[in-house]
Amino acid sequence: MAPGVHKASTVIFPDVQALRSRDWKDKSGYTYGLHGTPTTFTLEERIATLEGGRFCVLAPSGLSAISLVDMAFLRQGDEMLLPDNAYGPGKAFAEAELRQWGVRVGYYDPMNPADLAARLTPASRLVWLEAPGSITLEFPDLPALTEVVRLHNARLQGDRPAVTVLDNTWGAGLAFNAFDLGVDVSMQALTKYPSGGADVLMGSVVTRDEALHRQVLLCHMRLGLGVGANDAELVLRGLPTVALRYHAQDAATQELARWMQAQEGVAQVLHPALPGSPGHAFWRRDARAAACLFSAVFDARFSPRQIDAFCNSLRCFRLGWSWAGPISLCAPYHVPSIRSLTPWPHAGGLVRFAVGLESVEDLQADLAQGLSKLLS
Ligand SMILES: *Cc1c(COP(=O)(O)O)cnc(C)c1O
């Protein structure tokens with residue numbers, strides 16, 4: 001039977017003694033809607049289980065889960081390190097808000113653990129990881145990166161250790177177990193796979209470590225980041241099919257990515273399962289599946305206007321943000337303007353495709369008609 005949808009701001013207590021003694025801080029009982037209801041607690045438990053973690057807190061969007069983690073672990077004078085291919089809005093929060101609160105924001109090359117090692121300082125408190133990176137889909141050596149941070153922490157004398165946090169939206173707890181790869185905290189946009197419907201926004205922060213969880217939980221309570229019961233219900237409804245959808249979209253995406261790779265006008269297709277795509281060997285070693293994203297880098301002979309026209313010409317692939325919903329999406333990106341550290345080796349434009357649940361034949365025919373117009 002599906003769990004009930006409990007809606008509350010107010011929770012009624014039987015007497016003053018109960019009102020005084022029920023502790024909102026550890027969610028051991030229901031105290032106030034903002035602190036969770038049986039509906040959200042059920043969802044938290046399921047997301048933690050799915051990811052192989054122990055504790056979970058929900059936030060009203062993936063981005064609010066990112067900023068929650070930042071605010072839970074960072075204080076004035078601390079430093080945060082982001083991969084050069086980090087999710088853009090998370091970067092924007094760091095640049096615009098964290099910096100003005102006195103947090104230093106730095107970047108590292110996610111494909112070079114030695115570069116991360118060289119950039120860690122005693123002030124480093126939070127190291128974000130993404131597998132693969134947003135838009136460009138390089139798959140990093142996660143065990144090597146988390147080991148670099150562990151070795152750094154072991155050498156600290158009296159400083160607070162650095163915490164590693166993975167944006168696990170792509171893996172969704174299905175492609176790999178983040179904690180087994182050495183990650184301390186796993187954040188996910190439930191907006192994507194767990195929801196699956198492209199109709200709800202939510203985020204999660206999962207840990208195995210109780211002390212880290214408590215730090216996130218207390219900050220979460222102080223910020224007032226509750227989620228609505230109806231939204232939690234939508235995600236609970238998506239969860240039983242998440243593995244089916246993940247693997248179906250994975251198979252369709254790999255088929256389309258391989259086909260696209262062979263097309264005239266396409267310089268390279270980026271997808272961790274394709275040999276030659278950055279980090280392919282790490283993906284093969286550490287992951288058992290891949291999400292529904294691939295990016296195509298076009299020949300340099302096509303102008304940005306032509307690439308835009310190609311996107312406009314597609315009929316199945318619609319224009320819009322997000323992914324892992326039923327409808328396939330695409331969007332063009334200008335990569336040099338979204339990274340600051342590592343050189344981008346391609347001159348041609350990039351389009352990121354998110355494969356939905358339509359038939360692969362229809363999607364391939366759509367790409368074929370778009371490419372033939374581009375080449376004509
Ligand atoms: C979508 C996304 C987010 C943010 O999720 P929202 O619910 O849209 O705020 C964070 N990280 C990644 C990798 C995403 O794709």
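Both counts, for ligands and for their atoms, begin at 1 and track the order of listing.
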Original post:
Do we see a donor-acceptor contact under 3.5 Å between the side chains of Q188 and E51?
Top reply: yes
Original post:
Of A354, A291, A189, which has the heavy atom at the shortest distance from atom 5 (O) of ligand 1?
Top reply: A189
Subject >> Residues R285 and D141 bridged, charged N to O under 4.0 Å >> reply: yes
Original post:
Which protein heavy atom lies closest to atom 8 (O) of ligand 1, and at what distance to 0.1 Å?
Top reply: L201 CD2, 4.0 Å
Subject >> Which segment of W323 sits under 4.0 Å of ligand 1 when only heavy atoms are counted >> reply: side chain
Subject >> Proximal ligand 1 atoms for K192, defined as those under 4.0 Å from one of its heavy atoms >> reply: 1 (C), 2 (C), 3 (C), 14 (C), 15 (O)
Original post:
What is the nearest protein non-hydrogen atom to atom 3 (C) of ligand 1, stated with its residue, atom name and distance?
Top reply: Y87 CZ, 3.3 Å
**OP:** Can you pull out the closest protein heavy atom to atom 13 (C) of ligand 1? Residue, atom name and distance to 0.1 Å, please.
**Re:** D167 OD2, 3.3 Å
**OP:** Consider only side-chain N and O atoms of T207 and D209, and report whether a donor and an acceptor are under 3.5 Å apart.
**Re:** no
Subject >> Those atoms of ligand 1 less than 4.0 Å from some heavy atom in L63 >> reply: 4 (C), 5 (O), 6 (P), 9 (O)
Original post:
In Å, rounded to the nearest 0.5 Å, how long is the span from CG of L236 to OG1 of T42?
Top reply: 6.5 Å
Original post:
So is there a nitrogen or oxygen of M187 less than 3.5 Å from a nitrogen or oxygen in ligand 1?
Top reply: no
Original post:
Which of the numbered atoms in ligand 1 are below 4.0 angstrom from a heavy atom of T191?
Top reply: 6 (P), 7 (O)
**OP:** Compute the shortest N/O to N/O distance between S64 and ligand 1 and return yes if it is under 3.5 Å, no if not.
**Re:** no
**OP:** Would you please indicate if the ring centroids of F298 and F310 are separated by under 6.0 Å?
**Re:** yes
Subject >> Salt-bridge contact R288-D250 (side-chain N to carboxylate O under 4.0 Å) >> reply: no
**OP:** Provide the number and element of each atom of ligand 1 under 4.0 Å from a heavy atom of G62.
**Re:** 4 (C), 5 (O), 6 (P), 7 (O), 9 (O)
Original post:
Does E138 come within less than 4.0 Å of R339, counting only side-chain N to carboxylate O?
Top reply: yes
**OP:** Please check if the distance between the ring centroids of F139 and F282 is under 6.0 Å.
**Re:** no
